[in-house]
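What you see is a predicted model; the values in this text were computed from it and never measured.
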Amino acid sequence: MIRPAANSLLRRLARRAGGFVSRHAQNVGTALVQVWANKGRSILTTLGIIIAVTSTITVVALVQGFGNHMTKMVRGYGTQFMVVHPWDPSVRDRHGIGRVSMTIDDIEAVRTECQHVRRITPFVFTENAEIAYGPEKAKDIPCRGVTEEYQIIRNFPVDTGRFFGPIDVENAAPVIVLGRSLLKHLQCDESIVGRYVFLDGERFLVVGLLQPKGSMFGEDQDETVMIPYSVAVKLYPNLRRSIPFLVEASSEQDLEQAQGEIARVLRRRHALKAGQPDDFRIDRQDQAVREFENIRNIASGVLAGIVSISLLVGGIGIMNIMLVSVTERTREIGLRKSIGGRRRDIMMQFLTEAVVLCTLGGAVGVVLGYALCYLAALHPQMVEISVPAWAVALALVSSAGAGVVFGIIPAFKAAILHPIEALRHE
């Protein structure tokens, strides 16, 4: 008894579903006929929708492209290293350096006691060094006093000569590695490797040249010099007591553990009691990448939202032309009602026409958006541009939604027309 009843119910549902699909397919066909019969008017009507969707696709693709390029660049410098600064939370000057002590002994303690630390290097930094080669001089050059592990942590490989090694660091050898931009400043070429330069009055042997890295956020990364930190603390004794350092975790998954281990070692060595704030700060590169990605996504959403306001203008145009269409087809509406057409059928017909019109405009906008992105990508200095699938889906859904919102009033107006008055309409 149960099975025949269930089969009967399924057949009725299938018939209803088939009828529903058939009616809507008929409405879509009628809508396409109307669009084709009034091609010029349809194009002008959907122009606002086309412009809105084209702008949205293009803006989102460009913002995402530049955002992906910057994120990839930041990731290229490593996502499993941290920078540990001496930090006084009670002051607002740069990192609190000079007020809080952090020494080589602290760095060595972190190296030996932290299990999740793979590499570590002091970072003795000054940004106004002067370098001279013969009569040529370059001023305000960033100078990094580091160990040999810095080039691996920060991905600064050498392409000519060599980087200084652990023996150079241990013996405080006066050796130096130059960034490529300094060759222009010093009016020389790669033959400078093996010769001597003067850094803030002290003579250094040039042992290598760094690979070009280009600019980042407007800063030329090739305008730099690197020397052993053991030499840097002698050359700049005022930086000896407050030395930041860079740490590379054993893996990206071990960053949390490495950060916790570093914090425990430094708090113990600095005799900080429970409740006292840290006198150091740990900045993680992976957090910077995530924050940058969040900013990129927020910017994409905000810009897409601003540009898509033009959908409002396109929707008003759709509503206006649909009201005109209802007026022009009043006798047709009256005829359909006189032979049994229901209000909901009339309403669905005009609503479907509005949705089809908007969706076609959205599809044309997507195509034009792809075309503009393709043309922009042909520029030799343009970053890689790709249109995200969610932007296409959002554009088409927004277009169809505009058809529903702005087509409901004309559809309702058509549905409530009295059949006799509609038939009398001239």
Side-chain angles (χ1 to χ4, degrees), residues 68-81 83 118-134 136-200 202-232 235 245-248 252 285 289 380-381 383-384:
N68 291 336
H69 176 73
M70 297 306 298
T71 301
K72 190 181 298 182
M73 183 183 296
V74 173
R75 283 188 174 275
Y77 300 115
T79 55
Q80 58 191 69
F81 79 86
V83 183
R118 177 185 295 170
R119 297 183 180 91
I120 186 170
T121 175
F123 188 70
V124 182
F125 179 75
T126 180
E127 57 187 358
N128 51 8
E130 179 181 282
I131 184 169
Y133 178 64
E136 304 296 336
K137 292 183 179 180
K139 297 182 179 181
D140 297 327
I141 302 299
C143 174
R144 296 172 167 92
V146 294
T147 69
E148 72 284 354
E149 293 182 316
Y150 181 81
Q151 64 165 333
I152 302 175
I153 296 174
R154 287 302 317 275
N155 190 24
F156 270 97
V158 169
D159 64 354
T160 302
R162 66 176 179 88
F163 207 86
F164 46 81
I167 296 177
D168 297 317
V169 175
E170 184 178 350
N171 295 331
V175 293
I176 190 170
V177 178
L178 305 181
R180 287 281 173 172
S181 293
L182 290 177
L183 298 182
K184 298 178 182 178
H185 296 322
L186 300 177
Q187 300 294 316
C188 62
D189 54 23
E190 294 181 354
S191 63
I192 195 173
V193 176
R195 299 185 180 181
Y196 289 91
V197 298
F198 286 85
L199 178 68
D200 286 335
E202 297 292 328
R203 194 173 78 152
F204 284 79
L205 174 66
V206 180
V207 295
L209 299 176
L210 297 169
Q211 277 188 7
K213 293 185 75 71
S215 297
M216 182 176 182
F217 303 119
E219 180 182 353
D220 185 1
Q221 297 184 92
D222 299 318
E223 190 176 272
T224 187
V225 298
M226 296 184 191
I227 60 176
Y229 86 88
S230 50
V231 180
L235 191 60
F245 61 94
L246 275 68
V247 177
E248 183 185 63
E252 194 167 343
Q285 184 75 352
V289 172
Q381 295 183 344
V383 300
E384 183 181 349

- request: Kindly indicate, with the supporting measurements, whether the criterion side chain to side chain contact (heavy atoms under 4.5 Å, CB included) is fulfilled by Val231 and Phe204.
  value: CA-CA 10 Å; Val231 180; Phe204 284 79; 3.6 Å; yes
To the nearest 0.5 Å, what is the distance between [atom1] on [X] and [atom2] on [Y]?
X: Arg154; Y: Met226; atom1: CZ; atom2: CE; value: 8.5 Å
X: Glu127; Y: Arg144; atom1: CD; atom2: CZ; value: 10.5 Å
X: Phe164; Y: Leu205; atom1: CZ; atom2: CG; value: 12.5 Å
X: Thr224; Y: Phe156; atom1: OG1; atom2: CZ; value: 6.5 Å
X: Thr121; Y: Phe245; atom1: OG1; atom2: CZ; value: 10.5 Å

Evaluate the side-chain proximity of [Y] to [X]: yes if any heavy-atom separation is below 4.5 Å, no if none is.
X: Ser230; Y: Asn171; value: no
X: Leu210; Y: Val177; value: yes
X: Val207; Y: Arg162; value: yes
X: Thr126; Y: Leu235; value: no
X: Val146; Y: Ile153; value: no

Check: Asp222 side chain, Gly179 main-chain N or O, donor-acceptor pair, under 3.5 Å =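 Pair absent, no side-chain N/O of Asp222 close to backbone of Gly179.
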Item checked: Residues Leu209, Leu183; criterion side chain to side chain contact (heavy atoms under 4.5 Å, CB included); working and verdict -> CA-CA 9 Å; Leu209 299 176; Leu183 298 182; 4.1 Å; yes
Single hit among Glu223, Glu190, Gln211 for side chain to side chain donor-acceptor pair (under 3.5 Å) with Arg180: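 In the set Glu223, Glu190, Gln211, the residue that makes a side chain to side chain donor-acceptor pair (under 3.5 Å) with Arg180 is Glu190.
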For [X] against [Y], the heavy-atom pair lying closest together:
X: Ala173; Y: Pro228; answer: O-CG, 3.6 Å
X: Pro212; Y: Asp159; answer: CD-OD2, 3.9 Å
X: Glu148; Y: Pro166; answer: OE1-CA, 3.6 Å

task = Take Phe123 and Val83, measure what side chain to side chain contact (heavy atoms under 4.5 Å, CB included) needs, and give me the verdict at the end.
result = CA-CA 9 Å; Phe123 188 70; Val83 183; 5.9 Å; no
Criterion side chain to side chain contact (heavy atoms under 4.5 Å, CB included) on Arg119 and Thr147, from CA distance to verdict
CA-CA 10 Å; Arg119 297 183 180 91; Thr147 69; over 6 Å; no
**Message:** Heavy-atom count check: over 12 atoms from other residues, nucleotides or ligands less than 6.0 Å from Glu130 CD?
**Reply:**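 Count over threshold, so yes.
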